[in-house]
Amino acid sequence: MLKKDPIDATQTIPVYWFETSDSVSRRFEFEADGRLSSLLFAAGLRPTPAQATAVSWILKDGMQHVGKLICSNLGARMDSEPRSWRILADVLYDVGAGLEVLSPLCPQLFLEMAGLGNFAKGMAVVAARATRLPIYSSFAKEGNLSDLFAKGEAISTLCNVFGIGVGIQLASTICSSMKGKLIVGPLLSLVHIYGVSEEMRATPINTLNPQRTAMVVARFLKTGRIASPADLRYREDLLFPGRLIEEAGNVKIGRAIHEVLKPSQLHRVKDRFPNERFILACGAQWTDLILERSATGEDALRGWLVAAYAADIENSLRMPSENVLEEAFDRMDTVFPSFLLAVRAKGWHTDRFLDGARCRFTL
């Protein structure tokens with residue numbers, strides 16, 4: 001049966017809806033189109049109902065592209081912490097799907113909620129695709145990256161087919177009502193996020209970033225041994241990867257050089273270690289490590305060892321502060337050749353250092 005709604009003060013065209021089994025969702029979409037038509041009329045346009053529907057869907061789907069563009073600017077951070085961003089991608093996707101499920105409960109905000117849902121899903125798609133390569137690269141042993149991608153796609157396809165089958169069964173039983181969707185949806189999301197987080201925690205990453213470098217240095221100073229990527233995978237903090245590790249000297253990396261040093265201090269601090277591609281600035285709570293633009297993972301390890309030795313000397317020998325860094329550098333220079341060989345033997349890649357923020361200096 002076709003009905004006609006009365007025209008209110010904010011609507012300049014009639015809104016039609018069908019009293020069928022899915023009349024609620026159809027009505028919500030038409031009401032959103034009606035509000036959009038009012039805005040277009042206010043702008044001097046005279047759209048037809050079909051044109052208003054097309055524009056509303058363009059705006060809704062366009063939010064997904066906006067999310068993709070915003071997330072693409074964070075690629076360097078995804079390289080540094082691919083597993084954390086992979087978990088965040090799944091959280092964003094579930095949030096987007098949840099907003100789409102909840103949109104029928106807010107008919108006056110249908111277009112906004114659907115747009116935000118697509119925005120979150122757009123960011124999730126980019127983050128998931130961008131983190132796939134660094135995660136797969138850690139498993140590639142003999143240049144077999146294509147084989148890993150193929151196997152990963154096969155597993156993903158099997159899981160999707162299984163999920164579609166389960167979804168069809170749930171849609172025809174428990175989730176046939178909105179109450180059922182509100183109960184089952186969060187439970188499935190929790191299971192999904194838990195599974196992804198456990199998968200990411202079990203994945204070893206062999207590139208050096210701030211957290212993994214600090215953990216390697218801390219293990220070396222405490223036990224004299226080097227931890228492998230597999231040893232550290234369950235100890236990494238995926239929720240707060242930027243935390244300071246006291247055993248590694250409370251080193252913080254990623255701050256811009258103008259936030260750490262005054263221009264008058266720059267050359268004096270750099271001249272302390274003129275042949276090194278890092279700058280150390282000791283503070284009351286932490287030590288800032290700033291890398292030169294061409295610095296590698298080897299340079300980051302050298303700077304981190306100096307900062308860790310300096311903190312150890314201050315805590316044990318109580319030396320004057322002006323002599324601490326020099327003594328720490330001498331210790332580092334003595335042990336570093338054997339330390340570097342052991343790090344490489346454990347499978348770490350020292351040819352690059354992924355700090356995420358990319359705040360480096362050039363003189």
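Everything quoted here is computed from the prediction, not taken from an experiment.
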Would you say [Y] ends up clustered with [X] if hydrophobic residues are merged whenever their side chains have heavy atoms under 4.5 Å apart, either directly or through other cluster members?
X: F278; Y: V217; result: yes
X: L291; Y: L340; result: yes
X: M78; Y: L354; result: no
X: V101; Y: V166; result: no
X: V126; Y: I87; result: no

- [ ] Could you give me the CA-CA distance, side-chain angles and deciding distance for L102 and L182, then say whether side chain to side chain contact (heavy atoms under 4.5 Å, CB included) is met?
- [x] CA-CA 8 Å; L102 293 176; L182 294 178; 3.3 Å; yes
Minimum heavy-atom separation for [X] and [Y], please, with both atom names.
X: A300; Y: F353; answer: CB-CD1, 3.5 Å
X: L188; Y: L170; answer: CD1-CD1, 3.9 Å
X: Q211; Y: D237; answer: OE1-N, 2.6 Å
X: P337; Y: D333; answer: CD-O, 3.7 Å
X: E247; Y: A218; answer: CB-CB, 3.8 Å
X: A89; Y: A128; answer: CB-N, 3.8 Å

Kindly indicate whether the side chain of [X], heavy atoms from C-beta on, has any atom under 4.5 Å from the side chain of [Y].
X: T203; Y: S138; value: yes
X: N250; Y: Q285; value: no
X: S84; Y: L88; value: no
X: V260; Y: I279; value: no
X: L145; Y: L133; value: yes
X: F339; Y: I226; value: yes
X: F220; Y: V216; value: no
X: F329; Y: R272; value: no

Does any N or O in the side chain of [X] come within less than 3.5 Å of the main-chain N or O of [Y], such that one atom is a donor and the other an acceptor?
X: K252; Y: D288; value: no
X: K270; Y: E276; value: yes
X: R233; Y: A230; value: yes
X: T213; Y: P210; value: no
X: D271; Y: R268; value: no
X: S156; Y: G152; value: no

Open item on the list: Can you confirm if the NZ or CZ of R302 lies within 45° of the ring axis of F336 and under 6.0 Å from the centre of its six-membered ring?
Closed with: yes
First locate atom [atom1] of [X], then atom [atom2] of [Y], and finally report the distance between them rounded to the nearest 0.5 Å.
X: S80; Y: I253; atom1: OG; atom2: CD1; answer: 9.0 Å
X: M123; Y: I70; atom1: CE; atom2: CD1; answer: 6.5 Å
X: R219; Y: K346; atom1: CZ; atom2: NZ; answer: 9.0 Å
X: L266; Y: H258; atom1: CG; atom2: NE2; answer: 12.5 Å
X: L221; Y: W304; atom1: CG; atom2: CH2; answer: 12.5 Å
X: T207; Y: W348; atom1: OG1; atom2: CH2; answer: 8.0 Å

[Y]/[X] salt bridge by N-O under 4.0 Å criterion:
X: R344; Y: E298; value: yes
X: E236; Y: R83; value: yes
X: D312; Y: R331; value: yes

Is it the case that over 12 heavy atoms from other parts of the model lie below 6.0 angstrom from the [atom1] atom of [X]?
X: Q265; atom1: CD; answer: yes
X: R77; atom1: CZ; answer: no
X: L190; atom1: CG; answer: yes

Open item on the list: Is it true that E81 and N209 share a donor-acceptor pair across their side chains at a distance under 3.5 Å?
Closed with: yes
- [ ] Indicate whether any N or O donor in one side chain lies under 3.5 Å from an N or O acceptor in the other, for N160 and T157.
- [x] no
Open item on the list: Which label fits F149 and Y136: parallel for a plane angle under 30°, tilted from 30 to 60°, or perpendicular past 60°?
Closed with: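 Rings of F149 and Y136: perpendicular, as their planes differ by over 60°.
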Open item on the list: Would R235 and L232 count as a side chain to side chain contact (heavy atoms under 4.5 Å, CB included) here? Give the steps.
Closed with: CA-CA 5 Å; R235 298 179 55 217; L232 298 183; 3.4 Å; yes
TODO: Give the C-alpha distance, both sets of side-chain angles, the deciding distance and a yes or no for side chain to side chain contact (heavy atoms under 4.5 Å, CB included) between D355 and R360.
DONE: CA-CA 10 Å; D355 53 2; R360 301 194 176 189; 3.4 Å; yes
Open item on the list: Among L92, L74, L238, exactly one meets side-chain contact (heavy atoms from CB on, under 4.5 Å) together with W85. Which residue is that?
Closed with: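 So, applying the side-chain contact (heavy atoms from CB on, under 4.5 Å) to W85 and each of L92, L74, L238, only L74 qualifies.
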TODO: Quick one: list whatever passes side-chain hydrogen bond (donor to acceptor under 3.5 Å, both in side chains) with D330, sequence neighbours left out.
DONE: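 Residues passing side-chain hydrogen bond (donor to acceptor under 3.5 Å, both in side chains) with D330: none at all.
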Open item on the list: One pair to check against side chain to side chain contact (heavy atoms under 4.5 Å, CB included): L244 and V251. What are the steps and the verdict?
Closed with: CA-CA 6 Å; L244 300 178; V251 176; over 6 Å; no
